[in-house]
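Proteins get letters first, then strands, A, B, ... in listed order; numbering begins at 1 in each.
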Amino acid sequence: MGGKLLEVHNVYKVFPGVTALADVDFALERGEIHGLMGENGAGKSTLIKVITGVYQKDAGTIVLDGQEIHPTSPLHAEALGISTVYQEVNLLTNLSVAENLAIGRQPTGTVGIDWKTMNRRAAGILEKFDIDIDVTELLGNYSIAIQQMVAIARALELDSKLLILDEPTSSLNADEVEKLFKQMRRLKEQGHAIIFVTHFLDQVFEITDRITVLRNGKYVGEYATPSMTKLDLVSKLMGKSLDDLKNFDSISNHVETGDDANLIDVKGMEKTNYMNPFDLKVRKGDIVGLAGLLGSGRTEITNLLFGTQKPEGGELHIKGKRVNLNSPRKAIAHHLALSPEDRKQEGIISGLSVRENIVLALQVKKGWLHNISIRKQTELAEKYIGMLSIKTSGVNQPIETLSGGNQQKVILARWLATNPELLIVDEPTRGIDVGAKMEIQRLLVELSKQGMGIVFVSSEIEEVVRCSNRVYILQNRNIVGELLGEEISEQEIMVRIAAKGDRKV
Amino acid sequence: MSRKRLFQISRRDMPLVATFIVFLLLYAFGGFSYRNFMTPRVFLNLLTDNAVLGITAVGMTFVIISGGIDLSVGAVISTTAMIVAVLTKAGMNNVFVITIALLFGTTLGFLMGGMIQYFKTPPFIVTLAGMFFARGLGYVLSLGSVPITHPFYTNASSIGIRIGNGKLSMPAMALLAMILIGWFISRRTRFGRNVFAVGGNEQSAILMGLPVTQTKIAVYTFSGFCSAVAGFIYTFYTLSGYGLAAMGLEMEAIASAVIGGTLMTGGYGTILGTLLGTLIQGLIKSIIAFNGQFSVFWIKLFTGGMLLGFILLQKIFVYGTKSRRKKR
Amino acid sequence: MKGRQIPRIAWPLFALGLILLFNLMFTDSFFAITIKDGHLFGSLIDILRRSAPTLIMAVAMTYVIATGGIDISVGSVLAISGSIASLVVWGGNTQYLTSAGSQYYAPMLSIILIPLVASILLGAFNGVMVSFIGLQPFIATLILMTAGRGLAQLLTGGKVLNFRHAGFEFVGRGYLFGLPFPFLLALGVIVLGTAITRLTPMGLYIQAVGGNRSASNFSGVNTRLVLLFVYIFSGFAAGLSGLVMTSDITGADAGFMGLYMELDAILAVVIGGTPMEGGKYNVGGTVIGVLIIQTLTTTILTKGIPTEYTLLVKAIVVVVVLIIQSNKMREVMGKRQGKMMVKGGSAI
């Protein structure tokens, strides 16, 4: 038993009406990076919350370092030596880097806090991580990657035995992910144990030693990473056989429509310090994929097309007519729709019901004088709830109580309700479970067959390959290439965007 | 630290620097326009006349940095003065009187903080109820003005340190002392830094293990204490307690903090800035008083204009850091 | 968080009921309504009449707060409106102020329209500051609160402008259909607000902006226009409120008119169940909130309790209502009633 740092046995967690964890085991060796995986709702965040004391388990044991523990709060867990770094860094952006490392236990002298000593110590701590930054600068002035590094440094300064990284890479670009992985490997060499929670398959294979998979609140198994293939892992995650997966892959056979007229035709659109001039065409029935790394200009293009960012140059023709879109309102009037990348900030409107969220953009399109009656709103909402199989207790359920995938579907419904001719979807499948991903992909293909033009942005290249009949390759805020029909393959795209190793899919 | 730092003004100090420049400009304007303006006496009177506002604003700054607001301060000042007047009139010992007067404001602040924290009710509404309560108590004690005739208070105005043709009065000393205490707490104590942490991101502060509940309650308690001190100082000027005194002072205190660079969203602010914000408001009053042509009603208009100017400046500053953040 | 919950409005309604019940039991003829000269009289009618200025303000404030904003300038706007109205009554000439009591017949329309237009412009100033310049609502309206009071005092030269004007006095003192005219004006503002928010998508947009302004923008909602509207409506309501008050007291005291009224209005909105974070609103609750505050005051008056206790009682009632409404209390109540709080089923 001496080798195990953390052992979780037969843990149960029951919420009214839902058993979130049933008989779950988890074991972490010293000096390993252990991937914790599962679809949304599989119970991995519940498990993390039980280990970190956010929730109290209903049954089972948690043994840390040979001692049974009962963490009652994140603070208590931290005192026991369990530190967690979240995707949204929980530090204080309004204070300096040094203060973030020291707050609560600042060195004090005869006249209170000794800032000089504090800053010197902070610089020393970060030096161990090969981070050379001005520690007196506000934390908020640094990138998310640096902020996460500071968070990890803080966690380790607290003498944590166990570091939990909960989806740390979701908002990082490839370079930053590489930096993070470098630190993780170094910590591993020093004997630290890390639990790494992520959605990204490729990252799990790159960094972890072992993987524990949960599904529907149950323990599926623990596997040595090198012994697994990606397909193995996906089938474990989904609980589906490999045959199912192959069927799933076959939707990529996209049918070219005969209509050659351009739905939209962009020439030389640009905005200083935002996006370099680019050309782009979408025909009816096209699914046009935008492939590139984060920050390559994918989201920038969607914003320029939809008027949420005002282009400074270039021309936009919609069905042959030159138009100037400088606001989402105008774009909507021209039958465009954009499901934005940041679902929480730019998508859902919490407080409003599912019905109100669905009806919002259509109401905008209809204008001030054509109020949609509650009855019509309900009809409309029910139609899309059925069509997209949105799981909700009813049209009046507040949207913030839905799961991520269902929220995403509501946002799609909002835009489908406007009956757009061009639908722009930016990362519609991010952070949602594999089943819901599949449904959304199928829906997009279905819509394109009905003649809708679609611009599809995704970080997951296989998704782009599967759905698109044309792919633009992006690099450093430029469109650097275009692939058509048969040319589109993961390999080709990878070569074209000259991606770094960590994003291979 | 490095040499570069001495000459380079960090972007986040910009609002404070701007406030200081405006203060200097206003002071210079007064000096050029009116004889005797740039004398120690005028400057020391500036401190004396704005001591009540400044002391209150120290507490208010902490509350705003923590992400809250305290509307009760004006009422606490008036009621503290009323308590002093009524109890002194009843012949109570001065030490008891002062203790009770200070305890009233401090306790009220503590209770408001507790309610905000425990019941998660908006500070705006809770401190509004606190304002009603304090004013109400003042009215109950006496609807009219209660004079204070005790020699301790009547003689207090003669105490002070002569500087040139002016005098550093007791209220001015109290102001400087409270500013110093406020500065020390905000920069040199863990509690002070925790206030910034809570105002910056309460959730993070909780997860980082900081005593959020205690900090927030302490902030309102401290604000209550500052208002009580200000209320006590107030009796030196008026030598009376009056239920309608210090009406609207809470908004002036908020203006002091905002002009001094404190962000209403919490997490940013300095005590020195608040002092400057107070003195700028005081300068406007002095200049208009010296001028004699403008009616006193211009004070509010100028203060409003000044607020607008500073807020627009802050807006540019905040926008500046945001765009910089994106580029990194 | 699903499951059947007691609607938020139930608590303020309960509080109002308690105060009325108290009066029913302990105050003689509180509920008596008599008809004199074709007008209704009685404590209840008096409450309606006296609550009108705050009610008018609070209804508009509800929409402002629903967008996640706040308008603390309304007291000053009220003072400006009242000052302008009394200036107009005097034909802009304050020289004759000494002869207060003499009649002066300025055209009715100008007495009403000029202050209202000014108030709408002031509201628009707030709206522009919040929506286009992007200032925090509290700060933006603090500017006008401070400067506006000074402006009102400048307009009147710091004097209390008294007047007699039979036509204008009707606004604050008249009766129509047996009911006090100010109350009918308040009803009119409620109807106007409801019409705008229900017959157009404004109501939906107000909630959307309060819930998530950025997402509303992405959905094409003209968020700036929505914000501009709520502040203009608030300015308009404050102006109207100023007219009612000035007419009622046949004079304008720029220094004290409407002082702290913004706080009463905000208080009524919050007591009425509209959360200060915005995203939802409840105009009916606001009406009840105002009525609670006014009924309380009237009760104290009719019970012969010295007026100096009014604020104390108000403070206590506010604290009690806040505590009852708080989530903490709901949790405690919820636990008592068994499984009131059902965790959403999304964690399958």
Side-chain angles (χ1 to χ4, degrees), chain B residues 69 71-72 75 111-112 115-116 118-126 128-143 243-244 247-248 250-252 254-255 258 263-265 281 294-312 314-315 318-319, chain C residues 70 72-73 75-76 129 133-140 142-158 254-256 259-260 263-264 266-267 269-271 275-277 306-329:
Chain B
I69 195 162
L71 298 179
S72 72
L111 291 177
M112 290 189 302
M115 185 161 167
I116 289 163
Y118 188 72
F119 290 104
K120 307 282 176 229
T121 33
F124 191 95
I125 301 296
V126 173
L128 179 59
M131 172 210 265
F132 289 156
F133 181 80
R135 284 268 178 225
L137 191 69
Y139 295 154
V140 169
L141 287 175
S142 169
L143 273 178
L244 285 170
M247 289 285 258
E250 53 280 346
M251 292 302 165
E252 284 181 51
I254 293 169
V258 171
L263 290 190
M264 288 298 296
T265 35
Q281 291 188 69
F294 287 109
S295 74
V296 287
F297 308 125
W298 282 98
I299 293 172
K300 283 178 186 148
L301 266 177
F302 276 131
T303 310
M306 204 57 95
L307 260 176
L308 178 61
F310 274 105
I311 289 155
L312 291 180
Q314 272 180 13
K315 188 78 200 155
V318 171
Y319 182 75
Chain C
I70 198 163
I72 57 168
S73 73
S76 294
M129 285 296 148
I133 313 283
L135 296 187
Q136 257 192 292
F138 184 89
I139 291 287
L142 175 65
I143 295 167
L144 189 55
M145 181 199 197
T146 308
R149 182 67 61 184
L151 187 66
Q153 287 171 312
L154 269 178
L155 283 172
T156 58
F256 284 97
L259 198 64
Y260 288 123
L263 300 182
D264 267 345
I266 294 164
L267 187 65
V269 173
V270 174
I271 288 181
M276 283 194 87
E277 316 86 68
T307 44
E308 54 264 36
Y309 285 92
T310 313
L311 273 176
L312 269 188
V313 176
K314 201 160 137 186
I316 290 163
V317 170
V318 169
V319 168
V320 170
V321 172
L322 282 182
I323 289 177
I324 292 175
Q325 268 191 351
S326 70
N327 287 329
K328 197 93 183 176
M329 209 59 191

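- At a 4.5 Å heavy-atom cutoff, the contact between L71(B) and chain C is made by side-chain atoms alone.
- Using a 4.5 Å cut-off between heavy atoms, I69(B) contacts chain C through its side chain alone, with no backbone atom that close.
- Contacts of M247(B) with chain C are made by both backbone and side-chain atoms, with heavy-atom separations under 4.5 Å.
- At a 4.5 Å heavy-atom cutoff, the contact between L301(B) and chain C is made by backbone and side-chain atoms alike.
- Nearest heavy atom pair, residue R135(B) against residue L244(B), reads NH1-C, 3.9 Å.
- Among the candidates I271(C), V269(C), L267(C), the single residue satisfying the side-chain contact (heavy atoms from CB on, under 4.5 Å) test with I125(B) is L267(C).
- Q136(C) places none of its side-chain heavy atoms less than 4.5 Å from the side chain of L263(B).
- Heavy atoms of S142(B) lying under 4.5 Å from chain C are absent altogether.
- Contact annotation for Q153(C): both backbone and side-chain heavy atoms come within less than 4.5 Å of a heavy atom of chain B.
- E252(B) is linked by a salt bridge (Lys or Arg N to Asp or Glu O under 4.0 Å) to K285(B), counting only residues two or more places apart in sequence or in another chain.
- When each of I133(C), I72(C), T146(C) is scored by its heavy-atom pairs under 4.5 Å with chain B, the top score falls to T146(C).
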Check residues 309-322 of chain C and write down every donor-acceptor pair under 3.5 Å in which the side-chain atom is one partner and the other belongs to a residue at least two apart or another chain.
unit_1, atom_1, unit_2, atom_2, d
T310(C), OG1, T307(C), O, 2.5
K314(C), NZ, D264(C), OD1, 3.0
K314(C), NZ, D264(C), OD2, 3.4

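- Between chain C and the options F297(B), F302(B), Y118(B), F124(B), the largest number of non-hydrogen pairs under 4.5 Å is found for F297(B).
- Between F133(B) and M112(B) there is no side-chain heavy-atom pair separated by less than 4.5 Å.
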Exercise for review: Start with the C-alpha gap between M264(B) and L142(C), add the side-chain angles, then the distance that decides, and say whether side-chain contact (heavy atoms from CB on, under 4.5 Å) holds.
Suggested key: CA-CA 11 Å; M264(B) 288 298 296; L142(C) 175 65; over 6 Å; no
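- Proximity to chain C (any heavy atom under 4.5 Å) is restricted, for L128(B), to the side chain, taken from C-beta onward.
- Counting heavy-atom pairs under 4.5 Å between each of L137(B), I311(B), T303(B) and chain C puts I311(B) at the top.
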Review point. Does the pair F138(C) and V258(B) meet the rule for a side-chain contact (heavy atoms from CB on, under 4.5 Å), with working shown?
Key: CA-CA 11 Å; F138(C) 184 89; V258(B) 171; over 6 Å; no
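- When L259(C), I139(C), V270(C) are compared by the number of non-hydrogen pairs under 4.5 Å with chain B, I139(C) comes out ahead.
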